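Each chain gets a letter, A, B and so on, in the order the sequences are listed, and its residues count up from 1. Not measured: the values here are computed from a predicted model.
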Amino acid sequence: MTIEAGQTHAGIQRDDDMLADLTEPQREAVTHVEGPLLVLAGPGSGKTRVITRRIAYLVKGVGIAPWNILAITFTNKAAGEMRERVGRSLSERQARATTVMTFHSFCARILRDYADLVGLKPTFTIYDTADQQRAMKRALEDLDFSSNNFPPARVLATISNAKNELIDAEAFAAAASGFFDKKVAQLFSKYQSILRASNAVDFDDLLLLCVRLLREQTDVTEALRDRYQYLLIDEYQDTNHAQFVLAHALASGRARPNICATGDPDQSIYAWRGADIRNILDFETHYPDAAIVKLEQNYRSTQRILDTADALIQRNRQRKHKRLWTENEQGDKPLVVTCADERDEARWVVEHLTLLHDRQAIPWSGMAVFYRVNSLSRSLEEAFRAAAVPYQIARGTAFYDRKEVKDLIAYLRVLANPSDEVNLLRIINTPARGISDNTVKAMQAYATAHQLPLADVLDDVRPVTALNARAVSAVQKFNAQLLGWRRDAGLIENQPSPTHDTTPSLRMFVERVLRESGLEDYYRNDKGDPDSERLANLGELITSVQQYESDADAQAQLDEQPQPGVNNKLLGYLEQVSLVSDVDSLEGDPARATDGMVTLMTLHAAKGLEYPAVVIVGFEDGLIPHQRSRDNEKELEEERRLLFVGITRAMRRLSITRARRRTIFGQTQPTIRSAFLNELPSEGIETEDSGGEESDPFDRLDATGLASEFPPGTNVRHPQFGLGRVVNIATSGLQTRAKVHFNTVGSKTLILEYARLQRVEF
DNA sequence: TTGGGTGTTATTTTT
DNA sequence: TAACACCCAA
């Protein structure tokens, strides 16, 4: 039976059909309709199922119009998955009427509609990290700052943190106190003016400007609240302040906000990117009459794996109590394996996985190896290659970061948005066309002196007296080319759209730009040898254009809209490129029966995935928890959550390995086992030696045990100095030094092995 | 304009 | 160690 959108109670499906296969808490979450709802979903607890079922229930069970539903996720992958699963339980028409988007695409869409209200043109460009870096370098140059003292990445990170807190350049300047912050304030303001002049925004601006829009334009807010009456937010533990405010603004304005947040504080691993775990921990404070549902039953892992994870996470204080349980079998004890060094560790991993593959018939695609830092993948790769075991590395957005791909996209961006200086400067002489650095500098100087956008200077270069005839003609030729392209794509305002026989499709248009810009020849002739890989990548980009185009055309047809023009498709495509990375290009869906390959990735990248067999390597102090997170209790808890995420990815087999020695930065050093080792239930795990070398009888004397007994923040008593509090703890070699702030004598650094510190509980 | 020499630095990266 | 950015020379 298909129910058409908009139909009311007459055609409502009986609840039982949709609810029969749910557990009690799941049913509770699905059937909660009005008012705030928080779903605390442990790993593997069927969260996505609950969310999609809830959407189906709202539409089919309650009769809510699908266009009143807005579901927000963090990743495109999650959005795509959710869209797909919603599509399965609703009619196609209903499913298409719901809005399932990432925070950023949602904001981008709103800003396109209301660009003028926040000082943008609808053609604005979304700058990615590389674009941001270029813009920041320009800001540094303009202000004569040395990039040694102000590394662009660090400055941008500071600015990003500010924007996540909804602090704009002005507010930042007002609050800046230290030397660095004051300088950053100047850079912040310069950077924003560069972006503004380029009609460009960065990822954080999408959120910031959206919030500003909602705050300042009450009619827009009203319209959006009216449209999106039921709000679902996934991975709520990862929301930053801006996202919290945005969600709140949308949900407010009615007596009981219809906001449904799902997430798990124990899986919050992005605080360093601005995520604020308090958003989920304090949900009931923000929404006093919130209903809370806990999904604690796990359908993924064996009992022993779950017990290990649970024991670990119970150590955290910043959390909501939750007890994980499962009806799954007990399973094998998780293994903790000590290896000689990283090569021995890698060898053990490959051997272990090969055994699981051959004896237990687990396909390669059902296995994953996680590490804390990317650099650990190297020794693993070597071992996998040596043993001829198929593997893949999950790396982020490699494709769109390729030089040749970025070049072509830069052309498209400049065509869509002539103000985009960062990208204009990228392509102005790529490939070389006789517009030298000096020519560019002269034009920039002229632009600055006359307060003109660089694009205007290109339109008429003759007044730039510093240029010789050759330079002028080179610039004119280039500019004429840009104009020609724009005209044919219908990208020039106040001009009739192109006749369809000029440039009938976006794909053909992009191919034409590729050819006529000289990029194609440039990469073909590069160094004499046919640079086939680069050309192949460009070909792949064309394919993605075509893909986008046919999707857009099909969508228009379904919506009974006229076919979009090349100009609109170009804008849409560029937005997709900016907001969609290719992380989901991972092969080896464990559900598939193919043998596939083993997947190697960071612990962060593992979130949301599951594998029958998991190995976590580098279980050492300084790695897990990471060096930089040791001094701070909050960060230490995040490291614990990271390990928790890693452990809970495993369905049946879990192994954790460490090396006694590891070579880092070219230096081989003895390691100390992770402080978290003592937090795993000793009866519930099995320890083993890799057999790579004789085990060291003194190994057990290492300092780790002590270190974990005195995490920063611990209150202690010293026989001489009295009461104090551990400030930080550092391990070097076999010694553990603790810096303790004593109530009476101030700070002292003590060697834990000798200082007779005692814990004091209050 | 490119290449080589030098110096600096070293998590995690949903968008 | 190794990757990357930067600067200078040809």
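- When the nearest nucleotides of DNA chain B are assigned to A:Asn429 and A:Thr102 by heavy-atom distance, the more 5′-ward of the two goes with A:Asn429.
- In this pair, A:Phe283 and A:Tyr236 present their aromatic rings perpendicular. The plane angle is above 60°, beyond the 30 to 60° band.
- In this structure, the CG atom of A:Leu603 is 11 Å from the P atom of B:dT12, given to the nearest Å.
- Between A:Asp128 atom CG and B:dT13 atom C1' there is a gap of 13 Å when expressed in whole angstrom units.
- Using a 4.0 Å heavy-atom criterion, one finds that A:Thr73 contacts no nucleic acid atom at all.
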For a ring pair (Phe, Tyr, Trp, His ring centres under 6.0 Å) check, start with the C-alpha distance between A:Phe106 and A:Tyr228, then their side-chain angles and the critical distance, and finish with the verdict. CA-CA 12 Å; A:Phe106 180 69; A:Tyr228 302 112; 5.5 Å; yes
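- When the C1' atom is compared between B:dT12 and C:dA5, the two are found 23 Å apart, to the nearest whole Å.
- Between the side chains of A:Asp420 and A:Ser198, no donor-acceptor pair is found at a separation under 3.5 Å.
- Stacking between A:His604 and B:dT12 is absent: the ring centroid is not both under 5.5 Å from the six-membered base ring centre and under 30° in plane angle.
- Taking the C1' atom of each, C:dA3 and B:dT14 are spaced 26 Å apart, rounded to whole Å.
- One can place CZ of A:Phe370 at 21 Å from P of B:dT11, the figure rounded to the nearest angstrom.
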Scan nucleotides 2-6 of chain C against the protein and return all N/O pairs shorter than 3.5 Å with their distances rounded to 0.1 Å.
unit_1	atom_1	unit_2	atom_2	d
C:dA2	OP1	A:Arg378	NH1	3.4

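- The residue A:Gln243 sits apart from the nucleic acid: no heavy atom pair falls under 4.0 Å.
- In this structure, A:Trp272 forms an aromatic stack with the base of B:dT12, since both conditions hold: centre separation below 5.5 Å and plane angle below 30°.
- Nucleotide B:dT15 holds its P atom 14 Å from the CG atom of A:Asn240, rounded to whole Å.
- One cannot find a donor-acceptor pair under 3.5 Å joining the base of B:dT14 and the side-chain atoms of A:Arg273.
- Classification of B:dT11 as syn follows from a glycosidic angle within 90° of 0.
- Side chains of A:Asp234 and A:Thr73: no donor on one and acceptor on the other come within 3.5 Å.
- Contact annotation for A:Tyr270: base contact, defined as any heavy-atom pair under 4.0 Å involving a base atom.
- Using a 4.0 Å heavy-atom distance criterion, A:Asn374 is classed as a sugar-phosphate-only contact.
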